[in-house]
Amino acid sequence: MAQTADFIDEKEIWDILETGKAPSRSLFEEILSKAGEARGISAGESAAMLQVTDPSWLDEMYAAARDIKERIYGKRLVLFAPLYVSDYCVNNCTYCGYRRDNRFHRRRLTMEEVSKEVRILESMGHKRLAIECGEDPVNCPIDYVTDVIQAVYSTWNDNGNIRRVNVNIAATTIEEYRLLKEAKIGTYILFQETYDRGTYRSVHSGPKQDYDWHTTAHDRAMRAGIDDVGIGVLFGLADWRFEVLGLLQHAAHLDREFGVGPHTISVPRLRPAAGVDIDQYPHLVTDSQFRRIVAVLRLAVPYTGMILSTRERPGFRDEVIATGISQISAGSCTGVGGYSAETRACGGGVAGGGAACAAAACAGGSGGAAGAASYESPQFKVDDTRSPDEIIRSLAKSGYIPSYCTACYRQGRTGDRFMALAKTGKIKEVCAPNAILTFKEYLLDYATEETKRAGEHAIEQHLATIPSDEVREETKRRLRLIEAGTRDLYF
Ligand code: SF4
Ligand code: SF4
């Protein structure tokens with residue numbers, strides 16, 4: 001019998017939110033102190049923190065969230081890019097530019113086109129991709145997806161190749177998840193969109209409308225042997241406090257059932273897209289609420305990677321990153337074939353700063369398809385249109401160490417092995433040196449001169465913070481090997 005998603009208890013969520021209203025200062029301090037141990041806080045405590053509005057309390061909460069992120073993962077920020085391979089879709093999600101009722105020329109990439117897109121992404125320095133596609137069993141069956149994964153892993157560009165492929169495809173069967181596992185995916189990502197059943201029904205039509213099938217997809221993926229799964233909500237569809245508690249119930253369920261919580265939580269906000277009038281949605285999330293969402297998730301599930309996309313504008317993105325984010329996308333195009341199309345549009349050469357023109361043209365939302373771009377419609381509008389090089393320079397100057405690390409997946413540190421290290425904060429002992437090594441590769445192979453200067457300075461600073469003499473010296477030795485031409489060294 002099909003599994004029901006009874007681990008999402010809507011009544012309990014509303015009750016908890018009611019109880020958590022207007023927390024006292026003493027309760028706030030008590031929760032903050034518990035959160036500071038980086039072992040998480042309960043749903044009730046999270047509900048109270050979500051309903052704090054005093055600006056000075058919020059500043060304390062943001063600082064605590066940042067400290068927890070740094071206690072677990074250090075100062076590293078992992079970078080990745082999405083790769084949209086097919087915009088065929090049998091669903092009609094009201095918030096998405098790919099929805100069935102939108103009329104545009106749909107397509108999926110050939111394997112040659114996949115390789116071309118991958119080479120462009122590699123020339124920007126990327127080592128980690130997330131494959132994205134709509135749901136269409138005829139035009140985008142599982143065999144096509146596994147062929148794409150194979151094409152991505154086997155495409156090389158000078159010094160670079162993609163070392164980790166995460167996959168975001170529609171909820172499917174255990175048999176098909178096994179095929180993804182055999183294709184050596186990193187994380188299987190599926191956003192819930194909304195945990196509110198009524199809203200879920202009203203914004204979806206097509207196979208995705210089945211709430212139980214969709215919400216239990218991660219269970220099937222884990223039963224199929226996929227160790228790492230990612231969850232997320234599209235903030236703006238239903239009450240944001242409800243959605244955060246839905247995410248926490250989902251995370252707790254996975255932890256209980258499989259001994260492993262979600263590897264990542266994504267926090268996209270509703271964005272304009274072709275045929276999507278976001279002003280019609282009554283639950284749009286303000287910037288201040290959005291920071292609270294990120295901070296409370298970091299306090300509640302400190303071990304989980306938290307992902308921020310290019311949906312957010314640059315200045316605000318930096319603020320949110322400082323509230324506990326551990327992974328970001330950079331230089332993203334959200335249209336099928338978008339990287340190649342925009343490379344042609346800007347006259348080629350995407351290395352370093354060139355990628356900015358790719359992303360900038362992508363950012364036109366439905367209008368982004370106009371002009372020289374040959375892809376028809378992006379899935380949503382991007383707001384951070386900086387190139388990876390610009391983003392990296394800004395991160396390095398702000399005290400972060402940008403990371404292209406994929407070591408855990410390749411060292412077999414997945415699932416419960418990864419969680420044991422993340423939950424105890426030991427993971428940062430490898431995150432920091434791996435970030436330094438992969439950042440060095442980036443600086444040598446892809447960076448502009450300005451970024452190289454900022455980056456070398458950052459490497460010196462972060463090297464000095466490695467607590468173990470032995471690991472620091474070994475990292476220095478490997479840096480010399482990278483300078484001499486060796487690549488892909490990791491702990
Ligand atoms: Fe299709 Fe996904 Fe867009 Fe829904 S959100 S219309 S399933 S691509
Ligand atoms: Fe991620 Fe593991 Fe690398 Fe840290 S060491 S950045 S957790 S892959």
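Reckoned from all heavy atoms, side chains included, excluding hydrogens, waters and symmetry mates. Atoms within a ligand are numbered from 1 in the order they appear, just like the ligands themselves. Residue numbers run from 1 in the order of the sequence given.
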> How would you list all residue pairs meeting salt bridge (charged side-chain N to carboxylate O under 4.0 Å, His left out) that involve residues 411-431, not counting sequence neighbours?
Replying inline: Asp255-Lys423
>> Do Ser86 and Arg108 pair up side chain to side chain, a donor and an acceptor below 3.5 Å, judged on atom types alone?
In response: no
> Under a 4.0 Å N-O cut-off, is there an ion pair linking Lys476 with Glu473?
Replying inline: yes
>> Taking 4.0 Å as the limit for heavy-atom contacts, which would you say applies to Arg76 with ligand 2: side chain only, backbone only, both, or neither?
In response: side chain
> In the protein, which heavy atom is nearest to atom 2 (Fe) of ligand 2, and how far is it?
Replying inline: Cys408 SG, 2.2 Å
> Is it the side chain (CB and beyond), the backbone, both or neither of His204 that lies under 4.0 Å from ligand 1, heavy atoms counted?
Replying inline: neither
> Centroid-to-centroid, His214 to Phe191, below 6.0 Å?
Replying inline: no
>> For atom 3 (Fe) of ligand 1, which of the options Cys96, Ala170, Gly206 provides the nearest non-hydrogen atom?
In response: Cys96
>> Checking side-chain polar atoms at under 3.5 Å, does Tyr442 have a donor or acceptor matched by the opposite partner on Tyr404?
In response: no
> Can you list the ligand 1 atoms lying under 4.0 Å from a non-hydrogen atom of Cys93?
Replying inline: 4 (Fe), 5 (S), 6 (S), 7 (S)
> Will you find, in the side chains of Asp228 and Thr414, an N or O donor that is under 3.5 Å from an N or O acceptor?
Replying inline: no
> Between Arg128 and ligand 2, which part of the residue brings a heavy atom under 4.0 Å of the ligand: side chain, backbone, both or neither?
Replying inline: side chain
> Cut-off 3.5 Å, side chains only: do Arg164 and Thr187 have a donor facing an acceptor?
Replying inline: yes
>> So that I can check it, does any N, O or S atom in Cys89 come closer than 2.8 Å to atom 1 (Fe) of ligand 1?
In response: yes
>> Which option wins on minimum heavy-atom distance to atom 4 (Fe) of ligand 2: Pro433, Gly74, Cys431, Ala435?
In response: Cys431
> Should the proximity of Phe418 to ligand 2, defined as any heavy atom under 4.0 Å, be assigned to the side chain, the backbone, both, or neither?
Replying inline: side chain
> Within less than 4.0 angstrom of ligand 2, does Glu429 place any heavy atom?
Replying inline: no
